[in-house]
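Everything on this sheet refers to the single structure shown next.
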Amino acid sequence: MTDLHELAARQVAMGELRGAPAADPVNEPMIRHWLDAMGDGNPAYLEKGVAPPAMSQVWTMPGVRRGAKERSPVDDLMAELDAQGYTGVVATNCEQTYHRYARVGERLTPGTRFTDLAGPKKTALGVGYFATWNVTWYDEFDEPVTEMMFRVLKFRPPEKAKPQKAYPLKPAINRDTAFFWEGVKQGELRIQSCADCGELRHPPGPVCPACRSTNRTHVVASGQGTVYSYVVHHHPPVPGRETPFVVAVVELPEGVRIVGNVVDCPVDAVGIGMSLRVTYRAMDDELILPMWGPRES
């Protein structure tokens with residue numbers, strides 16, 4: 001692995017490397033666009049034929065032009081920092097020194113020299129290195145117009161949490177049940193109801209069993225219930241679950257029953273009539289299941 005400080009020393013030793021002259025000379029249309037964008041109403045720039053000092057970097061920016069990128073003493077070090085995992089970047093300092101105004105018609109040329117690499121340092125963003133370089137813009141007579149010191153922090157972003165392994169038992173979601181699972185994502189226990197007679201039903205279905213209407217809506221249940229019946233599952237093994245676990249038929253005060261796992265209590269503590277409350281468990285990065293835990297009295 002390349003030693004970063006040794007590479008930085010070599011880049012410093014290269015001194016200043018000149019880039020190509022600006023593609024366009026300092027010009028009034030660009031100055032006018034800059035003044036509009038910055039909200040600067042000072043008429044002196046266009047009247048005197050000079051550019052705002054802070055525009056110096058604008059004249060040599062490559063834009064969207066295609067072609068080989070000019071190399072600078074900064075590029076190899078930035079590439080090596082990326083290769084070693086310091087892929088995050090944030091500008092920390094930019095200081096400009098103005099020797100004079102750039103005049104309309106001048107074509108500026110940049111010169112870049114790498115000056116310092118400090119680190120590794122522990123920051124709020126992560127461990128990283130502070131890289132500093134200077135750029136000077138020269139006129140046609142090799143006189144400096146503007147100088148800029150620029151410093152960035154190249155840091156190693158913290159590792160993202162690994163995604164959960166996909167839960168193998170995915171529920172079937174269709175037009176009849178989509179509303180229920182959307183409610184679960186929002187922390188709601190939704191019960192289908194007939195939009196005509198108001199009859200509640202679960203599991204959801206396309207037709208009201210009371211009046212045969214196909215018009216549907218839903219209500220949000222209180223999230224409370226009691227154990228109507230249950231089984232303790234020991235065998236066979238169930239993918240994604242540890243046995244034993246309880247599967248209960250939970251009776252809701254709204255008048256319907258729903259099947260779900262009883263959690264947050266020992267298996268032998270579950271009994272008929274036990275008071276429960278709904279709880280929601282993320283099974284993987286996408287699936288949330290409603291489950292039931294003991295309800296405090």
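None of the values given here were measured: they were computed from a predicted structure.
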Between [X] and [Y]: side-chain donor-acceptor atoms closer than 3.5 Å:
X      : Y      : result
Arg281 : Asn261 : no
Asp116 : Thr132 : no
His99  : Glu147 : yes
Trp292 : Thr279 : no
Gln192 : Arg201 : yes

If you measure from the Lys or Arg side-chain nitrogens to the Asp or Glu carboxylate oxygens, is any gap between [X] and [Y] under 4.0 Å?
X      : Y      : value
Asp196 : Arg216 : no
Arg100 : Glu106 : yes
Lys154 : Asp82  : yes

Q: Please say which of His235, His233, His234 ends up in a ring-ring contact (aromatic ring centres under 6.0 Å, His included) with Phe245.
A: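 Running ring-ring contact (aromatic ring centres under 6.0 Å, His included) over His235, His233, His234 with Phe245 returns exactly one hit, His233.
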
Is there side-chain contact between [X] and [Y], with heavy atoms separated by less than 4.5 Å?
X      : Y      : answer
Thr123 : Phe130 : yes
Val250 : Val259 : no
Glu6   : Thr2   : no
Met148 : Tyr98  : no
Val145 : Leu108 : yes
Leu4   : Leu117 : yes
Leu287 : Leu289 : yes
Pro73  : Thr112 : yes

Q. Out of curiosity, does Tyr129 fall in the hydrophobic cluster containing Val74 (side-chain heavy atoms, cut-off under 4.5 Å, transitive links)?
A.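 Both belong to a single hydrophobic cluster.
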
Q: Indicate if Leu17 and Phe150 have the same hydrophobic cluster label, given that clusters are the connected sets of ILVMFWY residues with side-chain heavy-atom separations under 4.5 angstrom.
A: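 Shared cluster, no.
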
Q) Could you go step by step and tell me if Ile258 and Leu252 meet the side-chain contact (heavy atoms from CB on, under 4.5 Å) rule? A) CA-CA 8 Å; Ile258 186 170; Leu252 308 186; 4.0 Å; yes

Q. Does His202 have its ring centroid less than 6.0 Å away from the ring centroid of Phe180?
A.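 Yes, ring centres under 6.0 Å apart.
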
**Q.** Within 45° cone of Tyr228 ring axis and under 6.0 Å: Arg257 NZ or CZ
**A.**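 Judged by the rule (NZ or CZ under 6.0 Å from the ring centre, within 45° of its axis), Arg257 counts as positioned above Tyr228.
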
Q. With a distance cut-off below 6.0 Å to the six-membered ring centre and an angular limit of 45° from the axis, does Arg156 pair with Tyr86 as a cation-pi contact?
A.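 So Arg156 does make the cation-pi contact.
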
Q: Please assess Asp139 against Arg103 for the test salt bridge (charged side-chain N to carboxylate O under 4.0 Å, His left out), listing each intermediate value before the final yes or no.
A: CA-CA 10 Å; Asp139 63 16; Arg103 305 182 186 96; 5.5 Å; no

Q: Indicate the ring-plane relationship of Tyr45 and Tyr101, choosing parallel, tilted or perpendicular according to the 30° and 60° boundaries.
A: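 Tyr45 vs Tyr101 ring planes: perpendicular.
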
Q.
Once side-chain hydrogen bond (donor to acceptor under 3.5 Å, both in side chains) is applied, do any residues pair with Ser275, and if so which ones, sequence neighbours excluded?
A.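 With neighbours one apart ignored, the set is Arg295.
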
